[in-house]
Amino acid sequence: MIQSCISEPHNTPLNIAIVGAGTAALQAAETLLCHPHSVVGSVTILEALSHVGGRIKSDDSFLPDGHRLDLGAEYIHGLGTMLTDIVQENKSKWEESLGPGEELLEDIFIVAHADGGPQKFPTKDGKYGVYYLGQEDALLQHDSDDRDFCQLNEVLGSLEWECDDGDRVDQSVGSYLEENVSVPIRMAGILEAGFGNTAGCSDLHAISLSATIDFEKHWEENEEAGDVRLNSRIGMIGIIDAQREKIEKDNRCKIFLEWKVKQITWEEGSGANIISMDGRKIFADKVILTVPPPIITMDQIKFSPPLPAWKSAAFGMVGMDRAIKVISKFTKRLWPENVQSVIAGDMLIPEMWFREMKVNTKDTVESSTFVAVGFLTSRAADDFVRILNQDLTPLKSKEDMAANIVKDQLSKIFKLNRSNVEDAYESLIMFDWGDVETIRGGYVYPKVGISKQHFRQMAQSLGNVLYFAGEATNTGACCTVQAAMETGKRAANEILEVDVTTSP
């Protein structure tokens, strides 16, 4: 729904700059532009990359017939959020662009333990997930009666994630599980793949227990359960398109791409001068920074005066490791028809999910393209890159080697003839978010030692000039697209509340 805004006139309209053009930035811009010219004079978005969307990005050429491939965020986790509000706002328009029998949203079977999986029943379309034990070469369905698998699901599904404020701040998820839960040894690979990889950090001893508890409580209290995915003709990038379309209707908004910020010189109550790497300059009364935490902690943007030590230290309490998507295209389905995803223990690619895209040829004959998406974070992603680099030759590209890993893994998991997999293979693309200089990773996870105060410090504005947004600054729970959107709205409202209420 479009927000209704009423503001008192402001003596001098504010010129506001937003660094970054992800969903937090776009939401901040929309919230600001909801106010009249007398309050907000201009909103300038400065993006270092060549695209709008941040870690929401698509490839529109890899798949035929108008299908869009999500290279970053893909799943909508939780319902009844700002993110699903955008889906509802655009539902009718998007559905008109789909083919006969195509649905806008696909239900996702929750398979990863970090997301609450495995869910009890298949989706309404009969889709479900499976679990592969690499060391045993055994494939288990979500409802398997394997004793150790059932024990793993029971202990992770019934953990008493309870502690008082301040307790267990220095305890990790890994140490808590070791001390309180008996995880069967043969399930260790599934635990790392289905919990650590999904949580953004393979090392469970690096993830804060208390913050994990807080996140779970927040999601239970503020969101409806359920995961979905947008039709591939829309993709998650459709969310960005909708946000961008809305703000670009207002001539006060300008978006500059390939505008990499080098330095911000700011003075309390007096605004900021922003300088790009190539010497361009912009003055703003207020600046909203939506950059990922590594950009702050690695000093990729210089601040004059420097950010307070407590601010930088707070951003240092969240991690953001490498994340890779390895996406392969096949001419036929190589997995059981109703298998939507697999958690693969002790394998190079910990998680894979599968999609079928209907396509029409020039003769309007309908056929299908089959896609396998591999997802790796943290240690798994680092190991994958290391293997590709060490085996690189002039005659073999990284994509060739990645494709062989995918084909080998599919052959092993689903007991396929390797030559048949080779015959069905078409092509592969790979996107490594750790290699994006202005992002440096996939998504945020809370480090051991983090407290609620650290999240508040990350979100806290400075000098009535610098404001902070992005998923890490969400004081409820990070790790989701809607978390980032909420912070963009919060930062914009902070600016308006301070200036509108204090106007003479």
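The model shown is predicted, which means the values in this text are computed figures rather than measured ones. Heavy atoms only: backbone and side chains are in, while hydrogens, waters and symmetry mates are out.
Y445 OH to D321 CG: the interatomic distance, rounded to the nearest 0.5 Å, is 4.0 Å. Atom NZ of K57 and atom CD1 of I439 lie 9.0 Å apart (nearest 0.5 Å). Here the CE-OG1 distance, from M485 to T480, works out to 10.0 Å after rounding to the nearest 0.5 Å. The structure places CE of M320 at 3.5 Å from CZ of R55, a figure rounded to the nearest 0.5 Å. Separation of atoms CG (N153) and OH (Y131) is listed at 6.0 Å; rounding is to 0.5 Å. The CG atom of L334 sits 11.0 Å away from the NZ atom of K407 when rounded to the nearest 0.5 Å.
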Task: Full working for side chain to side chain donor-acceptor pair (under 3.5 Å) between H77 and E223 - done: CA-CA 9 Å; H77 296 291; E223 300 178 7; over 6 Å; no

- [ ] Would you check, one step at a time, whether the test side chain to side chain contact (heavy atoms under 4.5 Å, CB included) holds for I213 with K217?
- [x] CA-CA 6 Å; I213 294 168; K217 288 181 178 178; 3.8 Å; yes

Task: CA sep, side-chain torsions, deciding dist, call: R68, D241, side chain to side chain contact (heavy atoms under 4.5 Å, CB included) - done: CA-CA 13 Å; R68 314 177 80 179; D241 293 341; 3.0 Å; yes

- [ ] Step by step, work out the salt bridge (Lys or Arg N to Asp or Glu O under 4.0 Å) result for K91 and E95.
- [x] CA-CA 6 Å; K91 185 174 185 289; E95 286 180 335; 2.9 Å; yes

TODO: Go through the steps for E106 and K127 under the test salt bridge (Lys or Arg N to Asp or Glu O under 4.0 Å), then give the verdict.
DONE: CA-CA 10 Å; E106 175 190 5; K127 303 295 185 181; over 6 Å; no

TODO: Please step through side chain to side chain contact (heavy atoms under 4.5 Å, CB included) for the pair T212 and Y176, ending with a clear verdict.
DONE: CA-CA 12 Å; T212 300; Y176 178 81; over 6 Å; no

- [ ] Applying side chain to side chain contact (heavy atoms under 4.5 Å, CB included), run through V436 and F431 and close with a yes or a no.
- [x] CA-CA 9 Å; V436 181; F431 198 88; 4.0 Å; yes

TODO: Start with the C-alpha gap between R322 and D435, add the side-chain angles, then the distance that decides, and say whether salt bridge (Lys or Arg N to Asp or Glu O under 4.0 Å) holds.
DONE: CA-CA 8 Å; R322 185 187 297 273; D435 284 345; 3.3 Å; yes

Open item on the list: Does R386 form a salt bridge (Lys or Arg N to Asp or Glu O under 4.0 Å) with D383? I'd like the steps, not just the answer.
Closed with: CA-CA 5 Å; R386 177 180 51 78; D383 288 345; 3.7 Å; yes

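A heavy-atom distance below 4.5 Å is not found between the side chains of Q171 and S208. Using a 4.5 Å heavy-atom cutoff, the side chains of V155 and L177 are not in contact. The side-chain heavy atoms of P293 and V444, taken from C-beta on, include a pair separated by under 4.5 Å. Side-chain contact between V339 and R333: absent, with no pair of heavy atoms (C-beta onward) separated by less than 4.5 Å. Looking only at side-chain heavy atoms (C-beta outward), W353 and V371 stay at 4.5 Å or farther from each other. In this structure, S182 and Q151 have side chains that are in contact, with non-hydrogen atoms separated by less than 4.5 Å. No side-chain heavy atom of I190 sits under 4.5 Å from any side-chain heavy atom of L140. Within the 4.5 Å cutoff, no side-chain heavy atoms of Q460 are placed close to those of T473.
Cation-pi geometry between K311 and F303 is not met: the NZ or CZ atom fails to fall both under 6.0 Å from the ring centre and inside 45° of the normal.
Of all heavy-atom pairs between G316 and K447, the closest is O-NZ, 3.2 Å. Across every non-hydrogen atom of S328 and L428, the tightest pair is OG-CD1, 3.3 Å. The minimum heavy-atom distance linking I110 with G116 is given by the pair CG2-C, 4.0 Å. The two atoms that bring N420 and K332 nearest to each other are O-CE, 4.3 Å, heavy atoms only. The minimum heavy-atom distance linking A483 with A477 is given by the pair CB-O, 3.2 Å. Between P292 and T438, the shortest heavy-atom distance links the atoms CD-O, 3.7 Å.
A donor-acceptor contact shorter than 3.5 Å is absent between the side chain of T290 and the backbone of A469. With hydrogens and angles disregarded, no donor-acceptor distance shorter than 3.5 Å links the side chain of Q243 to the backbone of L26. Put simply, the side chain of H67 gets close to the backbone of K358: a donor and an acceptor are under 3.5 Å apart. In this structure, the side chain of E47 engages the main chain of A21 through a donor-acceptor pair within 3.5 Å. D400 contributes a side-chain N or O that, together with a main-chain N or O of S397, makes up a donor-acceptor pair within less than 3.5 Å. Panel note: side chain D432, backbone I324; no donor-acceptor pair is recorded below 3.5 Å. Proximity of a side-chain donor or acceptor of T123 to a complementary backbone N or O of D125 within less than 3.5 Å is detected. At least one donor-acceptor pair closer than 3.5 Å links the side chain of Q340 to the backbone N or O of D107. In this structure, R418 contributes its side chain and K412 its backbone to no donor-acceptor pair below 3.5 Å. Remark: side-chain polar atoms of K329 are not paired, donor with acceptor, to backbone N or O of L63 under 3.5 angstrom.
Heavy-atom neighbours of Q453 CD from other residues, nucleotides or ligands within 6.0 Å: above the threshold of 12. Counting non-hydrogen atoms of other residues, nucleotides and ligands closer than 6.0 Å to CZ of R147 gives a total of 12 or fewer.
Using a 3.5 Å distance cut-off with no hydrogens or angles, the side chains of E351 and T198 do pair a donor with an acceptor.
By the 30° and 60° cut-offs, the orientation of the rings of F330 relative to Y425 is perpendicular. Note on ring orientation: taking the six-membered ring where Trp is involved, the planes of F215 and W219 are tilted (angle from 30° to 60°).
Just one of D227, V87, T81 meets the side-chain contact (heavy atoms from CB on, under 4.5 Å) condition when paired with I76; it is V87. Partner F354 forms a ring-ring contact (aromatic ring centres under 6.0 Å, His included) with one of F370, W335, F375 and no other, that one being W335.
A salt bridge is defined here as a Lys NZ or Arg NE, NH1 or NH2 lying under 4.0 Å from an Asp or Glu carboxylate O, and K415 with D137 meets this definition. Salt-bridge annotation for D59 and K325: absent, with no side-chain N of the basic residue lying under 4.0 Å from a carboxylate O of the acidic one.
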